[in-house]
Protein chains: 2
Amino acid sequence: MTRLARPGGSPPTPRSVDVARLAGVSQKTVSRVLNDEPYVSADVRRRVLDAAEELGYRRNQAARALASGRTRSIGVVTLGSALYGPASWLIGIERAVRKLGYTLRVATTIEGDPGGIASALASLLDQGVDGVVISEPIDEGVGLISVDVPVLVLGAPPTFTAPQVVTARVGAGRLARAATEHLLELGHATVHHLAGPQRWYSARDRLAGWREALRAHGADEPPVVEGDWSAASGYAAGRELTGDGTVTAVFAANDDMAIGLIRAQLEAGRRVPEDISVVGFDDIPVAAYVTPPLTTVRQPFDAVARQGLALLVQVIEKPDVELPPAADQPVELIVRASTAPPPPRPIPGRGRRATPHAHGGPHGQPAGNEVPSTQP
Amino acid sequence: MTRLARPGGSPPTPRSVDVARLAGVSQKTVSRVLNDEPYVSADVRRRVLDAAEELGYRRNQAARALASGRTRSIGVVTLGSALYGPASWLIGIERAVRKLGYTLRVATTIEGDPGGIASALASLLDQGVDGVVISEPIDEGVGLISVDVPVLVLGAPPTFTAPQVVTARVGAGRLARAATEHLLELGHATVHHLAGPQRWYSARDRLAGWREALRAHGADEPPVVEGDWSAASGYAAGRELTGDGTVTAVFAANDDMAIGLIRAQLEAGRRVPEDISVVGFDDIPVAAYVTPPLTTVRQPFDAVARQGLALLVQVIEKPDVELPPAADQPVELIVRASTAPPPPRPIPGRGRRATPHAHGGPHGQPAGNEVPSTQP
DNA sequence: TTGAAAGCGCTAACAA
DNA sequence: TTGTTAGCGCTTTCAA
């Protein structure tokens, strides 16, 4: 078993019996003290703690798990990519898990790997985790496999239910709405949306928030262009959109795509924000330093993780208690230099649509264009 | 214990005795088969496997760990930030760990948290991990605590040794050297370095590689400016450097700082790459889409993680076998548009230094400047 | 090639 | 308030 080093001749790692012997109590009493169980006199508690300290005693987790049927660990299924969102979730989750007295086990899955979520889940369940977090729910996987421990799904819409599934709202919809409204309030007639892959719940949330904002303001709903979160896909979408001279504002579902999109605009000779405004999503570390500095919204990763895990742990420890409704997190819109009022008169576009209320499918129609094609 | 769901009335999870009974063998034989031990007849093996399959049997890891003294898990101490490097390491490590038949436990530490590494390590050791990975070694912590399981340190220089410590070379030095040489070969008289925090081994590696390149080319070694990896620190450094009209090329220790630095140049009215060339480090996802697209080097996270963990697992499983030397990974320099030959004649600078061979301390001297101060 | 018995170091149930 | 007695479900002797 692993311990902090016993230097040199390594006397055998102490067991709880050793502590008991030294403290002059029974082994069970040691267990009581260490588990903060009631009915231990202050005196005995002190003696046990001192003895444990003196011996450098640490409980054997494997034995605890075997005897109690609980590992006090939580598993997280996360995406095997360094995308800012998933990485930030993981950090927040680990912090929250540790604060709650649990430990974290991680299994990654790669997007597009069929059964990836299932096998990551299976690996975690094999390890005996007491609960599972699915940090970036994607269609496929979730729901295909059923699990007999509580599950926390971050960011899934509340319509997603199953036995023992708890959800923490990310509020991506509200953030998206705020981002869109920021543009509308600057005077843009409408706002285009460069969406994330719609298999991701978080991408759908953002799209829904965008749509709500448009409806609330009575603005036209232009067709949606779908990217894959990458700057490259944002660039490609940017070139599509540029052809349509009517586009004056775009809300991108993440900063990477926003940056790619801006790049495409600049190459096409359109200025940001003078000709076209762009809002991103995430506030990645470089967002403030790209050109132009990016207006974006920031997700409350830590707060949501903390909140979600508190729920999860409650379900694990007291399955019968009613759950309190999760509090919404405040919206943080960070206005920088990539947004401005629309240009005085929109560039006359041959792409102007006849139907004012075109409801976009997942893919926007590429409009004709003669954009210069500089590859970055 | 947690298992894939037993729907409905949940018959009790099967144990190895149940499998044994069904297969008509002893429980020990089941254990033999499942552990791929020798001396099992093909016939018996088949029967056991079938029985296990039929019952949906899965071994109880806690019991295995308790009986064997090994958890078949590896712990990683990682930085509690969404920095691209640490996040990428984590992904690569998880993948490698799983491929080797181990599972991953994670403990994060925040930079600047005194004893953070120590307590993260302690948490992992408490969990009984069979080995530990320190993914971004920072001074403090490492070496202060001693551990009785093998440790893999990624990216620490080979001078770092201790009992049971293995190292995988990241090759950051070679990458840094390549980045610097790229600039020198473009014709720059010398190359400035915007370093990472020197408490990080990876930052020191990069600095060393830069220095080597300069020496090999007989170039002056200007004072080093030290940042903290953030774009903000790159921006600040950029404003310092701009005052010095002699600077025509900068190698930044990561892309975020490079982007901040470029931003400062643009605000100061200097063009990149016409007036000043910048090379980054990491190839973050947006690097190709910022303006100008960033020349950078890419770290072989996955390959190094795979290699390092193979070593670690070998030490865990066969402590006595000699380790093979780790193979160096190929250098990947990605040339984009942020680098070019130096301007015909350097802008006459009042900051020109008298001593040609000034060896920089960790902080560069701020040169006087009258840079416009637009905050991003 | 297979099996029987004896723990691994705890927690749980019950007794005192 | 404390202690005693049984396991938890495997792996590890050792014997057959």
Side-chain angles (χ1 to χ4, degrees), chain A residues 1-3 11-49 51-52 55-73 101 125-128 130 317, chain B residues 1-3 6 11-49 51-52 55-73 125-128 130 317:
Chain A
M1 291 278 67
T2 52
R3 299 283 138 118
T13 12
R15 310 303 175 199
S16 58
V17 245
D18 302 321
V19 176
R21 200 173 304 127
L22 185 59
V25 298
S26 80
Q27 184 263 2
K28 171 66 212 182
T29 297
V30 173
S31 169
R32 277 207 185 88
V33 171
L34 265 28
N35 288 322
D36 272 324
E37 286 173 25
Y39 305 124
V40 189
S41 71
D43 170 52
V44 167
R45 175 179 304 276
R46 249 289 43 89
R47 278 184 4 239
V48 168
L49 257 23
L55 296 175
Y57 171 72
R58 328 203 68 153
R59 280 180 292 190
N60 179 314
Q61 300 301 334
R64 292 187 77 194
L66 179 57
S68 69
R70 291 185 44 205
T71 57
R72 288 154 186 88
S73 72
L125 294 172
D126 263 8
Q127 296 177 55
D130 294 339
E317 297 179 350
Chain B
M1 291 278 65
T2 51
R3 298 284 139 115
R6 319 152 250 140
T13 12
R15 311 303 175 198
S16 59
V17 244
D18 302 322
V19 176
R21 200 172 306 126
L22 184 59
V25 297
S26 78
Q27 184 264 1
K28 169 67 213 183
T29 297
V30 173
S31 170
R32 277 207 186 89
V33 171
L34 265 28
N35 288 321
D36 273 324
E37 287 173 25
Y39 304 123
V40 190
S41 70
D43 169 53
V44 167
R45 176 178 304 275
R46 246 298 35 93
R47 275 178 15 233
V48 168
L49 258 22
L55 296 175
Y57 171 72
R58 328 202 67 152
R59 281 179 292 189
N60 179 313
Q61 300 302 333
R64 292 187 79 194
L66 178 57
S68 69
R70 291 185 44 205
T71 57
R72 289 152 186 90
S73 72
L125 294 172
D126 263 8
Q127 296 177 53
D130 294 339
E317 297 180 349

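All values derive from a computational prediction rather than experimental measurement. Chain A is the first sequence line, chain B the second, and so forth, proteins listed ahead of strands; every chain is numbered from 1.
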Contact class for B:V17 (heavy atom, under 4.0 Å): base, sugar-phosphate, or nothing?
-> nothing
Spacing of B:E37 atom CD and B:K28 atom NZ [to the nearest 0.5 Å] | 4.5 Å
May I ask you to decide if A:L125's main-chain N or O and B:R58's side chain share a donor-acceptor pair within less than 3.5 Å?
-> no
Output yes when B:D43 and B:R46 qualify as a salt bridge under the 4.0 Å nitrogen-oxygen rule, no when they do not.
-> no
Atom CZ of A:R70 to atom C1' of C:dC10: distance rounded to whole Å?
-> 14 Å
Could you identify which residues of residues 18-26 of chain A place a heavy atom less than 4.0 Å from some atom of DNA chain D, listed by residue number, or say none?
-> A:V25, A:S26
Distance-minimising heavy-atom pair for B:R64 and B:N35 | NH2-OD1, 3.0 Å
Which atom of A:R47 lies closest to which atom of A:V25, heavy atoms considered | NH2-CG1, 3.5 Å
Any chance you could list the contact pattern along nucleotides 11-16 of chain D? Use B for base contacts, S for sugar-phosphate-only contacts and - for none, protein heavy atoms under 4.0 Å, 5' to 3'.
-> BB----
Whether B:S16 side chain and B:V30 backbone form a donor-acceptor pair below 3.5 Å = no
Can you tell me how far C1' of C:dT2 sits from CZ of B:R47, to the nearest Å?
-> 11 Å
Return the minimal non-hydrogen interatomic distance between B:L34 and B:R59, and the atom names on each side.
-> O-NH1, 3.2 Å
Can you name the closest pair of heavy atoms from B:Q61 and A:Q127 and give their distance?
-> CG-CA, 4.2 Å
To 10°, what angle do the rotation axes through the five end pairs on each side of the helix from C:dT1-D:dA16 to C:dA16-D:dT1 form?
-> 30°
Salt-bridge contact A:R15-A:D18 (side-chain N to carboxylate O under 4.0 Å) = no
Heavy atoms only: give me the nearest B:L55-B:P14 pair and the separation to one decimal.
-> O-CG, 3.3 Å
side-chain N/O B:S41 vs C:dT1 OP1/OP2, d < 4.0 Å = no
Is the distance from OP1 or OP2 of D:dC10 to the nearest side-chain N or O of B:Y57 less than 4.0 Å?
-> yes
Could you give the CD-to-P distance, from B:Q61 to D:dC10, as a whole number of Å?
-> 9 Å
Send over the distance from A:L66 CG to C:dC8 P, rounded to a whole Å.
-> 13 Å
Please determine if a side-chain N or O atom of A:T29 lies less than 4.0 Å away from the OP1 or OP2 oxygen of D:dT2.
-> no
How close or far is atom P of C:dC10 from atom CG of B:D126, stated in whole angstroms?
-> 12 Å
Where is the tightest heavy-atom contact between A:T71 and A:D130, given as atom of each residue plus distance?
-> N-OD1, 3.1 Å
Quick one: B:Y39 OH to C:dT1 P, roughly how many Å, whole number?
-> 7 Å
